[in-house]
Amino acid sequence: MKKTLFDKVWDSHVVESVENGPQILYIDKHLIHEVTSPQAFAELEQRNIPVFRPDQIVATADHNVPTLNQHLPITDALSRNQVEQLTANCKKHGITLYGLGHQYQGIVHVIAPELGITQPGMTMVCGDSHTSTHGAFGTIAFGIGTSQVAQVFASQCVLLSKPKKMRVNVNGKLKKGVLPKDVILYIIAKLGTNSGTGYFVEYAGDVFENMSMEGRMTVCNMSIEMGARGGMIAPDETTFEYIKGKEFAPKGESFEEKVAYWKTLKTDDGAVFDKEYSFDAEDIGPMVTYGTNPGMGIKVDGHIPQTDDASFEKSLEYMGFEKGESLLGKPINYVFIGSCTNSRIEDFRVAAEYIRGKQKAPNVNALIVPGSQQVAKQIEEEGLREIFEEAGFSLRQPGCSACLAMNDDKIPAGEYCVSTSNRNFEGRQGQGARTILASPLIAAATAIKGAIATPYEEERAVFA
Amino acid sequence: MEKFTTHTSRAIPLPIENIDTDQIIPARFLKATDKSGFGANLFRDWRYNKDGSENSSFVLNDPKYSGTILIAGDNFGCGSSREHAAWALADYGLKVIVSSYFADIFKGNALNNGLLPIQVSPEYLKELIATVQKKPETEILVELEEQYIAVKGSDNKASFDIDPYKKLCLLNGYDDIDFLISKKDKIEAFEQQ
């Protein structure tokens, strides 16, 4: 039978099928963090169950950590308690922890790929919906709730019915200034926030084949924003090249053996998907969102649609926008470049390239938050820190930061923030905060202009 | 987990679409290390004004409505995987959520906490919301064994689907950890392959 990439990985991890029910799916790697793990550890303790496979778990502190003075004790007592509990739980159960101060600490979905923990053909879970990020490697990776975190602790398995399959093809050449973030925001705007519910997505076509691993991670990261548990891209030379030499990647002969297997991980010709969509790369422009879910996106030079619907209107009211309005030129006081969607070195290179030699607008607070200690080190080594600092941007220490505002990095009520993160839900970046999702390039251009801007406006003016 | 067989209650209508788990329980309340007490902050930023006073226009503060069944708009529970959302709804006292669509992760989290998500057609949802809005004292009956939801004292009735395994878990109060641990031998054998 012809199989999809998803079938191949899923089927090879089924321990048993429950009659008339879900399947027992074996999990290769389990990532944990401070916010969704404490209740799972407590559950185990109440039932007096040991952690079954501690060697297959990796922990980090990312969600509520401060991005300033990480060498000092965390001042917020509740956050400090969660981080301390994670440390104690990991120690007790023999789990590897890259906590604050460790050279590998960072956002869980940034560190696992950069350490070579994420590899093609694996199954991975984490108590975080953006676990879909790891699908960029041809991995089945998805977010789980805390009850399931406890189940994986206890058995290294989850109980799940096999999702349906959906393929999204994008072919052609992306226009200048169109980044992977724009591609995924475009797809979600076209398909809607629940188009993927019950499905696992495969992204295919030359746009993804020509994308870097960082770009593929940005795309797969936001699969959950259309409701899909996960998204995958078939591994290829770009993937193998990225993994080669990483800390926990297989080495030498063992690497070559793995590559031979990884090369088999692609959808067979003629394999059937339950749903399939195709888009033309030429139709994609730089995107911004205007509403309170990630599906409410338009091209940066487009207009908010005229939709008569109570939920739509409630959303616009929260954002303070009008139907038919264009967002270009809207004054913006906050810009955030970071999160598991866009905090890898490539994202900062793109932003720095644009920012070099310019100054942020005086009204703008611009926050740059690297995804990991390793990314922070690269920023330093490549001389990007000077570019950001000379332009007036605030370069912080790694963490989830203003993406979900669990630490002090909050956007004040009523203020707009152009953000490279993944969710523009009400209050996501702070109570009453209004989020506009965009690529690192739009975010950089907006910070310089002090208003929503397209990066190539100046060029347009020059050539006009 | 508590057993779920049948349930009768008045219902609370919340006809907003795409209610994400950040609305159900905002991230700033995720700093607890146990599962209790989240109900106090359920729908926090809709339920309370900035100064901490109750927002009288929000349905949970409307004395007309009460009960342990929430009827919500399409695509309920989208966004973050935080199980705290299910804990908050259950801690508030809710037993059943009715919608025309549920996000995957939320649905699983709800079922793992004895909170029953019932998916009905968009038309039925609309009708049910209208019925409750018109007559808030309407009693709704949920029969898990027979898999139907009905408005008491009327012909209004709809069947719903549920995974047979999950149904068995709810009816008997079983949970997945016990089941998975009972499969340890199989799992270890799988690892040896």
Side-chain angles (χ1 to χ4, degrees), chain A residues 15-16 18 20-22 24 26 35-36 38-39 42-43 47 49 52 63-64 76 78-79 81-82 85 127-129 131 142-148 150-151 154-157 159-161 163 193-194 197-198 224-225 227 229 292-293 310-311 314 404-406 413 423 425-428 431-432, chain B residues 15-23 26-28 30-35 44-46 50 73-75 78-87 101-113 163-169 175-181 183-184 186-191:
Chain A
V15 174
E16 194 181 67
V18 180
N20 289 324
I24 302 176
Y26 190 81
V35 176
T36 57
Q39 291 88 350
E43 181 91 43
R47 296 172 185 238
I49 306 170
F52 183 51
H63 276 63
N64 69 23
D76 179 273
L78 293 173
S79 295
N81 181 41
Q82 272 191 336
Q85 279 215 17
D128 187 283
S129 61
T131 308
F142 54 90
I144 55 176
T146 297
S147 294
Q148 289 172 307
Q151 291 160 26
S155 69
Q156 204 56 35
C157 288
L159 274 167
L160 211 62
S161 296
T193 48
N194 64 8
T197 308
I224 184 68
E225 310 312 335
R229 260 290 167 95
T292 55
N293 71 57
S311 294
K314 179 179 181 295
L404 82 169
M406 280 193 78
R423 287 187 174 136
F425 297 152
E426 286 184 29
R428 173 82 179 181
Q431 253 185 299
Chain B
I16 298 172
E17 290 176 6
N18 299 311
I19 295 178
D20 58 78
T21 53
D22 271 83
Q23 305 319 311
R28 62 186 188 279
L30 306 187
K31 295 183 182 184
T33 51
D34 60 28
K35 295 181 186 178
R44 177 76 202 198
D45 294 340
W46 288 351
K50 263 279 154 65
D74 197 60
N75 199 24
C78 59
S80 158
S81 59
R82 60 187 70 163
E83 193 160 321
H84 311 67
W87 298 334
Y101 215 83
F102 289 95
D104 280 339
I105 306 179
F106 172 79
K107 194 173 176 179
N109 289 342
L111 288 165
N112 282 333
N113 286 280
D163 178 287
Y165 164 81
K166 273 295 167 195
K167 179 176 167 180
L168 194 73
C169 287
D175 67 31
D176 291 348
I177 289 199
D178 296 332
F179 180 78
L180 285 168
I181 287 175
K183 297 287 178 182
K184 268 277 171 67
K186 289 249 158 96
I187 296 168
E188 280 172 347
F190 177 87
E191 287 179 319

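Bear in mind that the values here come from a model prediction, so they are computed numbers and not experimental data. Each chain gets a letter, A, B and so on, in the order its sequence line appears, and its residues count up from 1.
- Distance CZ/A:F142 to CG/B:D104: 10.5 Å, rounded to 0.5 Å.
- For the set A:L404, A:L159, A:L160, the entry with the most heavy-atom pairs within less than 4.5 Å of chain B is A:L159.
- When side chains are defined from C-beta on, A:E426 does not count as touching B:D45, because their heavy atoms never get closer than 4.5 Å.
- If you measure heavy-atom distances from A:Q151 to chain B, the contacts under 4.5 Å come from both the backbone and the side chain.
- No part of B:F106 comes within reach of chain A, as not one of its non-hydrogen atoms sits under 4.5 angstrom from that chain.
- Interface remark: B:P164 contributes backbone and side-chain atoms alike to the contact with chain A (heavy atom separation under 4.5 Å).
- Applying the ring-ring contact (aromatic ring centres under 6.0 Å, His included) criterion to B:F190, with sequence neighbours excluded, gives A:Y26.
- Here A:C157 is the residue among A:A42, A:C157, A:G227 with the most heavy-atom pairs under 4.5 Å with chain B.
- Counting heavy-atom pairs under 4.5 Å between each of A:H63, A:Q431, A:E225, A:E16 and chain B puts A:Q431 at the top.
- For a residue to count as touching a neighbouring chain, one of its non-hydrogen atoms must lie under 4.5 Å from one of that chain's; by this rule B:K166 does not touch chain A.
- By the 4.5 Å heavy-atom criterion applied to side chains, A:I24 and B:K186 are not counted as neighbours.
- When each of A:N194, A:L78, A:T36 is checked for heavy-atom pairs under 4.5 Å with chain B, A:N194 comes out on top.
- When heavy atoms are compared at a cutoff of 4.5 Å, B:E17 approaches chain A by way of both its backbone and its side chain.
- In plain terms, the two heavy atoms of B:E83 and A:G145 that are nearest each other are OE1-C, 3.2 Å.
- Proximity to chain B involves both the backbone and the side chain of A:R428, based on heavy atoms less than 4.5 angstrom apart.
- A 4.5 Å side-chain heavy-atom check between B:D176 and A:S147 finds every atom pair outside the cut-off.
- When atom types are taken as modelled, the side chain of A:Q156 and the backbone of B:I187 share no donor-acceptor pair closer than 3.5 angstrom.
- Of the two parts of B:A27, the backbone and the side chain both hold a non-hydrogen atom closer than 4.5 Å to a non-hydrogen atom of chain A.
- The side-chain heavy atoms of A:N293 and B:D20, taken from C-beta on, include no pair separated by under 4.5 Å.
- Taking chain B as the reference chain and counting heavy-atom pairs below 4.5 Å, the highest number among A:T193, A:N81, A:T146, A:I144 is found for A:T146.
- Between B:K31 and A:D76, at least one side-chain N (NZ, or NE/NH1/NH2) sits under 4.0 Å from a carboxylate O, which counts as a salt bridge.
- In this structure a side-chain-to-backbone donor-acceptor pair under 3.5 Å is present from A:Q39 to B:D34.
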Under the side-chain contact (heavy atoms from CB on, under 4.5 Å) criterion, do B:R82 and A:V35 qualify, and how do the steps go? CA-CA 9 Å; B:R82 60 187 70 163; A:V35 176; over 6 Å; no

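- No hydrogens or angles considered: nothing links the side chains of A:Q148 and B:N112 as a donor-acceptor pair under 3.5 Å.
- Of the atoms belonging to B:K107, not a single heavy atom falls under 4.5 Å from chain A.
- How far CD of A:E43 is from CG of B:D175: 6.5 Å, rounded to the nearest 0.5 Å.
- Applying the ring-ring contact (aromatic ring centres under 6.0 Å, His included) test to B:H84 and every residue at least two apart in sequence or in another chain returns B:F38, B:W87.
- Heavy-atom pairs under 4.5 Å with chain A were tallied for B:D74, B:N113, B:L180; the largest tally goes to B:L180.
- Interface remark: B:D178 contributes backbone and side-chain atoms alike to the contact with chain A (heavy atom separation under 4.5 Å).
- Between atom OG1 of residue A:T131 and atom CD1 of residue B:I105 there is a gap of 7.5 Å, rounded to the nearest 0.5 Å.
- Only the side chain of B:K184 comes within contact range of chain A, judged by heavy atoms closer than 4.5 Å.
- Distance check, rounded to the nearest 0.5 Å: CZ of A:F425 to SG of B:C78 gives 4.5 Å.
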Report the C-alpha distance between B:K183 and A:V15 in whole Å, list the side-chain angles of each, state the deciding distance to 0.1 Å, and finish with yes or no for side-chain contact (heavy atoms from CB on, under 4.5 Å). CA-CA 9 Å; B:K183 297 287 178 182; A:V15 174; over 6 Å; no

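- With a 4.5 Å cut-off on side-chain heavy atoms, B:N18 and A:S311 do not count as touching.
- Chain B forms more heavy-atom pairs under 4.5 Å with one residue of A:D128, A:T197, A:N64 than with any other, namely A:T197.
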